[in-house]
Colleague: 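Sharing a structure with you now.
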Protein chains: 2
Amino acid sequence: MMDHRFDTLAHEFRAHGHKLTQPRRAILHALLATAKPLSPAEIQQRGQDFCHDLGLVTVYRTLELMDALEMVRAVHLADGCHGYVLATPGHTHHVVCERCHAVIEVIGCELGDFLDTVATRTGYQITGHWLEISGVCADCQHEPPHEA
Amino acid sequence: MMDHRFDTLAHEFRAHGHKLTQPRRAILHALLATAKPLSPAEIQQRGQDFCHDLGLVTVYRTLELMDALEMVRAVHLADGCHGYVLATPGHTHHVVCERCHAVIEVIGCELGDFLDTVATRTGYQITGHWLEISGVCADCQHEPPHEA
DNA sequence: TAGCTAACTGAAAAGGTTTTTCATTACGAG
DNA sequence: CTCGTAATGAAAAACCTTTTCAGTTAGCTA
Ligand SMILES: [Mn+2]
Ligand SMILES: [Mn+2]
Ligand SMILES: [Zn+2]
Ligand SMILES: [Zn+2]
């Protein structure tokens, strides 16, 4: 299976002087196989299909590293905020489906004018922001209402 | 001390059929005395100045109630996301100072156009968003760099 | 004001999650 | 292939949050 996205991400580890281990491959596979935020525990469970004895501690350590390398981004969820989705390096946002949790990354960010207003009104020098958007994905819009 | 903001908030409990207890008063005092997000543990500590044996469990329960009454809002912080600030009912955002954590609530929200763009690009029907802004407050802008 | 009762409380325990420690393993340079 | 180091899993510790339960308190009624 020569998955191009997998290879690209896998190389990020090496490119920054880190080892490309089986547990790390398993975590990549788990993250690539889904389009919704996964908790560390979920990543461990799914990752064990690829690395039988993948440990939860390793998942935490790998996510911390991937976060530093901007391969992954923490997503704040309504309950707790400790899900993770794959991310493009740099400033992006995510839209999460409130029914099935499917997530899509949004690359542009036109908040400039609004943030200028905020700066003027508050006297704060704005240095960053965290925006998460919730909605209903195309699939779920065509589903009958609340199932399960 | 007839603090008007305190009285207004205190009445919210009664207005919704809840009791106005000493622990709840203490939590209000703690939240009113500061302008930065406080964790449940911090609220307990500060609240104990007003109610000596304020329990942490009560803080959790009261925050849950206040959140339902829109008296308070959970703020997602870079590390963990379980601080709380007082909030105006309805849709608002907060700007948090990255140095001293001072927070100001921002009432307007001009994300409409951007969210329309997102809807078009993703096919999602947008139902809500969570925006947190970080910056440097006016006071900290006049401070010499990293102290502490 | 005194009495009553449901709402509320704190302590303890249970349940989760995240971090630390440490002996062992495996990546990958040489 | 060999070796040194980064990385790993298990166990334990440290935290954080929720549940349970017996006792207390707020606020209504008389
Ligand atoms: Mn943005
Ligand atoms: Mn969060
Ligand atoms: Zn969906
Ligand atoms: Zn500040």
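So you know, we letter chains A, B, ... as the sequences are listed, proteins then strands, and number each from 1. Basis for what follows: all heavy atoms, side chains included, without hydrogens, waters or symmetry-related copies.
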Colleague: Check for a donor-acceptor pair, side chain of A:Thr34 on one end and backbone N or O of A:Ala30 on the other, with a separation under 3.5 Å.
Modeller: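 Flag not set: sc A:Thr34 to bb A:Ala30 has no pair under 3.5 Å.
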Colleague: Between A:Phe13 (CZ) and C:dC27 (C1'), how many Å, whole number?
Modeller: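 A:Phe13 atom CZ is separated from C:dC27 atom C1' by 14 Å.
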Colleague: Specify the separation, in whole Å, of atom CD1 of A:Ile43 and atom P of C:dT18.
Modeller: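 Nearest whole value for this atom pair: 11 Å.
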Colleague: Using whole Å, what does the distance between atom P of nucleotide C:dG16 and atom CD of A:Gln45 come to?
Modeller: 13 Å
Colleague: Assign a letter to each nucleotide of nucleotides 18-30 of chain D from its 5' end: B, base within under 4.0 Å of a protein heavy atom; S, sugar-phosphate only; -, no contact.
Modeller: BBB----BBS---
Colleague: What is the distance, to the nearest angstrom, from the NE2 atom on B:His16 to the P atom on C:dC8?
Modeller: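 Nearest whole value for this atom pair: 13 Å.
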Colleague: Could you state the atom-to-atom distance from CD of B:Gln44 to C1' of C:dA11 in whole Å?
Modeller: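 Going from B:Gln44 (CD) to C:dA11 (C1'), I get 12 Å.
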Colleague: Do any side-chain nitrogens or oxygens of A:Arg24 fall under 4.0 Å of OP1 or OP2 in D:dT8?
Modeller: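 Result: yes.
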Colleague: Going by atom types alone, do A:Thr117 and B:Glu110 pair a side-chain donor with an acceptor below 3.5 Å?
Modeller: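 A:Thr117 vs B:Glu110: no donor-acceptor pair found between side chains.
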Colleague: Is it true that atom NE2 of B:His11 has more than 12 heavy atoms of other residues, nucleotides or ligands lying nearer than 6.0 Å?
Modeller: no
Colleague: What is the distance, to the nearest angstrom, from the CD atom on A:Gln48 to the C1' atom on D:dG9?
Modeller: 11 Å
Colleague: To the nearest Å, how far apart are A:Glu64 CD and D:dT8 P?
Modeller: 12 Å
Colleague: Would you call A:Cys109 and A:His93 a side-chain contact if the rule is heavy atoms closer than 4.5 Å?
Modeller: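 In short, these two side chains touch, coming nearer than 4.5 Å.
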Colleague: Take atom CG in B:Asp49; do more than 12 heavy atoms of anything else shown fall under 6.0 Å from it?
Modeller: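 Yes, the 6.0 Å shell around CG holds more than 12 heavy atoms from other groups.
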Colleague: Holding to salt bridge (charged side-chain N to carboxylate O under 4.0 Å, His left out), I want the full list of residues that pass it with B:Glu64, two or more places apart in sequence or in another chain.
Modeller: none
